[in-house]
Structure formats: C-alpha cells, structure tokens
Asker: 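Please find one structure pasted underneath; my questions will follow.
What you see below is based on every heavy atom in this structure, not just the backbone, and it leaves out hydrogens, waters and symmetry mates.
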Protein chains: 2
Amino acid sequence: MADPVSSGLPLHPAQGAWVPISALESETGLTREVIRKWESRYGFPQPKRDKNGDRIYPVEQVVCLRLIRRLLGAGMRPGKVVGLDLAALEQLSGQLLPPEATATSAEHFSQQVLDALSRHDLIRLDCLFRQRLFRVGLSLFVRETVSISIALVGEAWLRGTIRVFEEHLFTEIVSSILRDAIRTVTEPSGSPRVLLSTPPEEIHTMGLLMANAELSLHGAYCIGLGAQTPATEIVAAVDACHIDVVGLSFSIAHPVRDVARFLRDLSSRLAPSVEVWAGGQGVLRSPRIAGVRYFHDLDEIELALAAWKSRHDGPRSEPELD
Amino acid sequence: MADPVSSGLPLHPAQGAWVPISALESETGLTREVIRKWESRYGFPQPKRDKNGDRIYPVEQVVCLRLIRRLLGAGMRPGKVVGLDLAALEQLSGQLLPPEATATSAEHFSQQVLDALSRHDLIRLDCLFRQRLFRVGLSLFVRETVSISIALVGEAWLRGTIRVFEEHLFTEIVSSILRDAIRTVTEPSGSPRVLLSTPPEEIHTMGLLMANAELSLHGAYCIGLGAQTPATEIVAAVDACHIDVVGLSFSIAHPVRDVARFLRDLSSRLAPSVEVWAGGQGVLRSPRIAGVRYFHDLDEIELALAAWKSRHDGPRSEPELD
DNA sequence: TGTTGAATTTGTCCTGGACAATTGCGGAGA
DNA sequence: TCTCCGCAATTGTCCAGGACAAATTCAACA
C-alpha cells in the first residue's frame with residue numbers, strides 16, 4: 001500500500017511544497033475570493049508570499065481545506081471549522097459518516113481492490129469487479145461493492161494516499177463495467193421513462209451510472225444526458241422526450257444550499273405530473289423541497305419504482321412481472 | 001425569491017433576459033476578472049446594473065463572448081476582436097473552418113441524423129448510427145460518420161438551432177456506441193500501450209473515444225484516464241502503467257498557447273522513449289513542440305501505429321512486471 | 001411549544017491598481 | 001531579403017479593502 005512520504009503529501013511532486021492560489025482554487029473547489037475572505041476573517045489558510053507578493057500555500061493546507069469543504073457540505077458553518085487543525089477536522093469528519101460501511105464480508109474484497117489499484121494492475125482490477133458482479137448480481141454489486149469501493153477510494157484521495165490518476169483509473173474501470181451491465185439489462189419500452197443528469201456544477205457521473213443500473217434493472221427506461229445540464233435544458237428535455245421522472249445526482253462536494261436552490265428552481269418549472277428524484281451524498285443534509293423525493297440509499301430506488309408503477313397502472317395495460 | 005434569471009441560459013425561452021456575471025462566467029468559460037477587465041479596456045461587454053449595482057448582461061452578449069472565445073482559441077488577440085459586433089464575429093468565425101465537411105455521400109445520412117435529433121427520436125438515432133457502423137465498418141464510421149456528425153451538431157449549437165440538451169443526447173448516444181465497439185475490438189495484450197486523456201481544462205472526451213476506437217482497431221492497447229488529467233499525473237501514470245504513447249485531445253475551445261505550454265511541459269517531463277501524440281481541432285494551429293507528434297486527421301493514426309511498430313519490433317511484447 | 005424579528009455570519013460583487021508574462025514590431029546584422 | 005534580438009504594448013492574474021443581500025442563529029414573546 002502506498003504511503004505518503006514523510007516530507008509531505010504527493011500532491012505536487014514536481015512543484016514542491018507550495019502552491020499558488022490558482023492551484024488551490026482548482027484543488028479545493030473554493031473560489032479565490034472565498035479563500036481570501038477566510039484568511040482575513042478566520043486567519044486561515046495562512047499563506048506565505050512569493051517574491052511578487054502573491055500568496056503561496058503549503059500543501060498541508062490543501063488537505064485541510066478539502067476536509068473543511070466536506071464538513072461545510074455536511075452543513076457545518078465556516079466560523080466553527082475554518083482554522084481548526086488537521087486532527088480536529090479529521091475527528092469531525094469521522095463523525096460524519098458512521099462507520100457502517102466496512103461490512104466484514106466486503107473488507108477482504110475492498111482490500112484487494114486497493115491493492116490492485118496501488119499496483120496499477122488494471123487487468124486484475126477489472127477481473128475483480130467483473131467476478132464480483134457475476135457473483136452477487138447487479139443490484140448488490142451496485143448497492144454494496146461499488147458504493148463501498150467509491151467511499152474507500154474517495155477517502156484515500158482526500159488523505160492524499162492515492163494519486164489523481166489512480167482515482168481516474170478506478171473510475172474508468174468501474175464506469176465501463178457499469179455501462180456494460182446497463183446496456184445488457186435495459187428494456188427499451190420500460191417505464192417510467194427517467195431522465196438522468198447532474199446539475200451544472202457537478203461533473204461526476206458515477207452516481208448516475210449506479211442509479212441507472214438499479215433503475216434499468218427494475219424495468220425503468222433511462223435516458224442519460226451526461227453531466228452538467230442547466231435546469232432550463234432539463235425542462236426542455238422532459239417535454240421533448242416524454243419523461244416521467246427526472247433523476248439527479250449530487251456529490252458530497254456540493255454545498256447544501258445550492259442543492260436546494262437548484263431543486264426548487266427545477267421543480268417549480270416542471271409540470272406537476274413529472275417527479276423529481278434526487279440522490280447522492282450531497283443530498284443527505286439538504287433542506288427538503290416540496291415535490292422532490294430524496295434518496296438516501298440506492299435500495300430505495302426499487303421501492304420508489306414499485307410505488308410509481310402502482311400509481312400509474314390505470315390508463316395502461318400493465319405487463320408487470322411480480 | 002430571486003427567480004427571474006437564476007440559473008441556466010435563457011437563450012431560447014426569454015428573449016429580453018439578463019444574466020448576472022456569475023452566469024456569464026459559466027456560460028462563456030471566461031473568468032469574471034477577465035470579463036471586467038475587458039469592459040474597462042475595450043468597452044465590451046456592456047452590462048447594465050441591477051438595483052444593487054451588480055452587473056447584468058443581455059443574453060445577446062453571451063453569444064458574442066462565446067464567439068470571441070473561439071476566435072481567441074484560434075490565435076486572435078483580444079484587442080482586435082473584443083468589441084466587434086455579432087456580424088463581424090461570425091464572419092471571422094466563418095473563415096476559421098473552411099466548409100469542407102459536407103461530403104456529398106454523407107449528406108443524406110447527416111440530414112437523417114439532424115432530423116431524428118430534432119424529433120428527439122433516440123431509438124431512431126441509435127439505429128441510424130448502429131446500422132451505419134455495420135455498413136461501413138468501425139474505421140470509416142469513426143473517421144467519417146462520427147466526425148461529420150459532430151461538426152454538424154457543433155455548428156448547429158453555435159448558431160442556436162439546437163439546444164444544449166439535444167447536443168447532450170447526441171453525445172451520449174454516439175459515445176455509447178463507440179464505447180461498445182471499442183470493448184469489442186480491444187486486444188488486452190496489444191501494443192503500443194497508449195494512455196489517453198485530456199488536459200485539465202478540457203472536458204470533452206468524444207475525441208478520445210474516436211482515437212481509442214481507431215487505435216484499438218489497429219492493435220494498440222488503450223488505457224483511458226477520462227478527462228482533465230494534470231501533466232504531473234500523466235507522468236506518474238506513464239510510469240506506473242508502462243505506457244509507450246500518450247494520446248491527448250484538444251478541442252477547438254482550447255487557446256493555442258495553452259496547448260503548446262501543456263505539451264511542452266508534459267514532453268519535458270517524460271522519458272524520451274515515451275511518445276506524445278496530440279490531436280483534435282485545438283491542435284491545428286498550435287505552434288509545434290519538439291517531441292510531439294501532431295494529428296490533423298484520424299487517418300494518420302493507422303500510419304503512426306505502423307511506424308511505431310516497425311520501430312519497436314525488436315523487444316516485442318516483453319512483459320515487465322515489478 | 002412554536003413563531004417572529006433582530007443580530008450575526010457568510011458568500012458574492014465592487015473599484016482601481018500593480019505587475020509579470022506574452023506578443024508584436026522595428027531595426028540591426030547576415 | 002531574411003533572421004534574430006530587444007523594446008514597447010498588450011493582457012491575464014493577483015491584490016487590498018469595502019459593501020451588501022441572503023442565510024442562519026438566537027432570543028424574546030405569544
């Protein structure tokens with residue numbers, strides 16, 4: 001297993017231990033204006049200056065800021081967490097997700113995944129996942145295997161124990177397997193017709209793929225729009241493609257208030273007969289919007305689909321298989 | 001609530017709409033600092049102010065700024081193009097891409113594609129492409145069918161004749177077909193081993209998929225890193241995955257000087273035995289960097305592969321495990 | 001117990017200026 | 001005539017410090 005070097009995290013090996021504010025911006029997802037404001041208000045982050053007077057930050061502060069961002073996403077307030085040291089942040093972050101994820105049976109598998117990933121053995125990684133898929137079936141595969149693996153890899157990235165490209169490799173392999181499975185189980189005339197996308201700031205589509213798999217497996221027909229579709233475009237697509245349900249995925253990086261704002265906006269523009277289903281880590285602590293169904297867990301998809309079908313079986317001849 | 005222009009680009013629904021600078025930023029890809037600087041230096045864009053004194057821009061200026069950005073990407077200078085009116089910008093933009101795309105035999109097919117897309121008939125669209133794929137074969141499919149379709153759809157988007165979600169639909173369908181084909185033709189022990197990705201600002205992966213198809217078809221083994229991999233990470237991945245060739249795709253939105261800078265940076269950090277292949281519209285007018293091979297056309301991939309193989313036929317497929 | 005209104009927090013936007021890096025250009029030299 | 005070099009103009013990024021609306025907290029009150 002790869003370990004961070006004692007001198008520092010392998011975030012910018014070639015650049016050394018200091019990053020300019022532009023890099024901090026892209027590494028943490030925070031605006032430079034927010035970063036500067038925090039400095040003036042809370043005294044953190046604490047940059048040195050280069051010879052031009054520009055701020056340069058030690059890489060350790062990148063890790064802190066990423067943790068802070070996660071905590072904010074979970075509903076904490078900047079005044080309470082910005083400026084805490086790494087240990088305190090990690091302690092808070094640990095409270096965030098109760099350690100229920102590490103089921104004992106999955107422990108061994110996850111370890112194998114991390115091993116293969118750190119050895120960059122792609123063939124092995126691919127085999128591991130495909131074997132698992134056929135062993136436990138698509139639904140369990142998505143709801144447990146993939147979920148837990150993503151959490152582990154995300155955690156490792158946050159702490160700097162795996163590199164960006166390793167996370168990319170992982171994502172590509174798992175995505176590929178999921179897409180493959182989705183194509184296999186998709187039923188072109190299925191119902192409801194579900195439109196899947198992410199809001200404009202969200203670039204990660206793994207959550208969509210997982211939802212897509214679970215939805216298609218239970219008879220829905222999914223239309224993917226990829227990532228980053230503005231609300232107005234979703235509305236237009238719903239109309240054009242005769243959509244029954246809009247499915248959206250919010251990652252944990254998403255600020256809760258943005259989630260709520262987007263959902264309220266979208267929901268108010270859609271016809272009442274069209275449902276909005278929101279899922280992903282970013283949704284857990286978001287304030288509820290009327291007319292939106294929130295999913296805390298992929299398990300709920302099957303139930304929601306059954307409920308939807310029982311609500312809509314009147315006007316149609318239902319070839320339901322129960 | 002602040003609802004009128006909160007999210008999305010109301011290009012189609014509301015004609016007299018105004019967007020705040022934050023929306024302009026995400027719509028055009030320009031920094032708000034650049035937008036303000038242009039205003040003070042060239043008198044464009046020309047915002048009104050809302051009741052708080054914040055800038056609000058008419059949607060027409062969004063179109064202008066997108067065109068300007070494209071022109072800058074092609075090497076023009078802000079002082080020459082910022083502030084020109086829409087007609088002048090379109091005229092310059094027209095000069096950019098000579099209308100060679102409309103090959104006569106493909107005309108009929110392209111028309112069918114645009115038809116199906118505007119009717120949102122996804123099943124038909126999917127059928128059209130799959131039929132075409134089996135009729136002409138993967139290589140021709142990628143090099144002609146997909147290339148021309150992308151050009152048509154991109155053009156239609158720029159002129160506002162199709163909506164964003166329609167472009168997303170098109171992209172998803174074509175991507176899916178390509179990925180499907182790639183899996184089928186991939187040879188796990190193929191050579192050279194090619195790492196595919198895009199630079200950090202580039203989010204479009206269609207170019208990568210097309211290259212991947214062509215590469216895999218001719219015996220290479222491709223490892224995809226998805227989009228937006230920093231140079232340092234590519235270097236690490238090359239080492240970790242025993243890569244022979246790094247393939248990069250630059251879209252036309254990419255400023256030429258950034259392309260050159262990225263390639264120079266990357267090339268200087270890689271071992272001399274590792275080749276860098278760069279393709280995509282953004283590469284056409286970029287200044288050449290030593291050690292980088294530029295691809296103007298997907299046809300060249302086959303030739304480049306043959307050349308690479310003839311250069312490396314001595315130590316053929318030696319597995320070097322650590 | 002629930003609600004309302006004031007106080008505080010916080011992100012976004014503003015102005016106006018400094019400066020390094022890049023680009024373009026004109027002149028000197030081959 | 002062509003190439004190279006240095007100077008001047010251009011241009012993106014960064015800074016400081018302030019204003020303010022929206023969101024949130026909290027205390028007082030019904």
Asker: Without swapping roles, check the side chain of B/S93 against the backbone of B/L89 for a donor-acceptor pair under 3.5 Å.
Answerer: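 A pair under 3.5 Å: no.
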
Asker: Could you give the CZ-to-C1' distance, from B/R41 to C/dT15, as a whole number of Å?
Answerer: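 Nearest whole value for this atom pair: 14 Å.
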
Asker: How close or far is atom C1' of C/dT8 from atom NZ of A/K80, stated in whole angstroms?
Answerer: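 After rounding, the reported distance stands at 11 Å.
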
Asker: Given C/dG11, D/dT11, D/dT13, which nucleotide is nearest the side-chain atoms of A/P78?
Answerer: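 Of C/dG11, D/dT11, D/dT13, C/dG11 is nearest to the side chain of A/P78.
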
Asker: Are B/E233 and A/R163 close enough for a salt bridge, meaning some N to O gap below 4.0 Å?
Answerer: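 Looking at B/E233 and A/R163, the cut-off is met.
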
Asker: Nearest-nucleotide wise, let me know which of B/K37 and B/I56 is further upstream toward the 5' end of DNA chain C.
Answerer: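 First, find each residue's nearest nucleotide; the 5'-ward one identifies B/I56.
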
Asker: Which residue, B/R55 or A/N52, contacts DNA chain C at a nucleotide closer to its 5' end, judged by nearest heavy atom?
Answerer: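 Going by which nucleotide is closer to the 5' end, it is B/R55.
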
Asker: Nearest whole angstrom, please: distance from the C1' of C/dT8 to the OH of A/Y42.
Answerer: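 Value for this atom pair: 11 Å.
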
Asker: Using atom CD of A/E33 as one end and atom P of D/dA19 as the other, report the distance to the nearest whole Å.
Answerer: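 After rounding, the reported distance stands at 16 Å.
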
Asker: Can you measure B/R77 atom CZ to C/dG24 atom P for me and round it to whole angstrom units?
Answerer: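 Roughly 5 Å, once rounded to whole Å.
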
Asker: Between A/W38 and C/dG11, is there a side-chain N or O to OP1/OP2 distance below 4.0 Å?
Answerer: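 Yes, within the criterion.
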
Asker: Distance check, rounded to the nearest 0.5 Å: B/E39 atom CD versus B/I21 atom CD1?
Answerer: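 It is 8.0 Å, given to the nearest 0.5 Å.
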
Asker: C/dG11 P sits how many Å from A/E39 CD, rounded?
Answerer: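 Rounded to whole Å, this separation is 15 Å.
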
Asker: Nearest of C/dG24, C/dG11, D/dC15 to any side-chain atom of A/R36?
Answerer: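 Of C/dG24, C/dG11, D/dC15, D/dC15 is nearest to the side chain of A/R36.
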
Asker: Output the rounded distance in Å from CG (A/D50) to C1' (C/dC19).
Answerer: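 The distance from CG of A/D50 to C1' of C/dC19 comes to 11 Å, rounded to the nearest Å.
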
Asker: Which of these passes side chain to side chain contact (heavy atoms under 4.5 Å, CB included) with B/L248: B/T198, B/L196, B/I234?
Answerer: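 Exactly one candidate clears the test, B/I234.
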
Asker: For the pair made of CE in A/M76 and P in D/dT25, what is the distance, rounded to whole Å?
Answerer: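 Interatomic distance, CE of A/M76 to P of D/dT25: 12 Å.
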
Asker: Any base atoms under 4.0 Å from A/S22, or only sugar-phosphate, or nothing? Heavy atoms, all strands.
Answerer: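 If one applies the 4.0 Å heavy-atom cut-off, A/S22 turns out to touch the sugar-phosphate alone, with no base involved.
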
Asker: Picking from D/dT13, C/dT12, D/dC15, which would you name as closest to the side chain of B/R32?
Answerer: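 Comparing D/dT13, C/dT12, D/dC15 against the side chain of B/R32, the answer is C/dT12.
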
Asker: Hey, which of these two, A/I21 or B/K51, hits DNA chain D nearer its 5' end, going by closest nucleotide?
Answerer: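 Looking at the nearest nucleotide for each, A/I21 comes out on the 5' side.
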
Asker: Between B/R69 and B/E27 (salt bridge meaning N to carboxylate O under 4.0 Å), is one present in this structure?
Answerer: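 Between B/E27 and B/R69 there is no salt bridge, as every charged N stays at least 4.0 Å from the carboxylate O atoms.
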
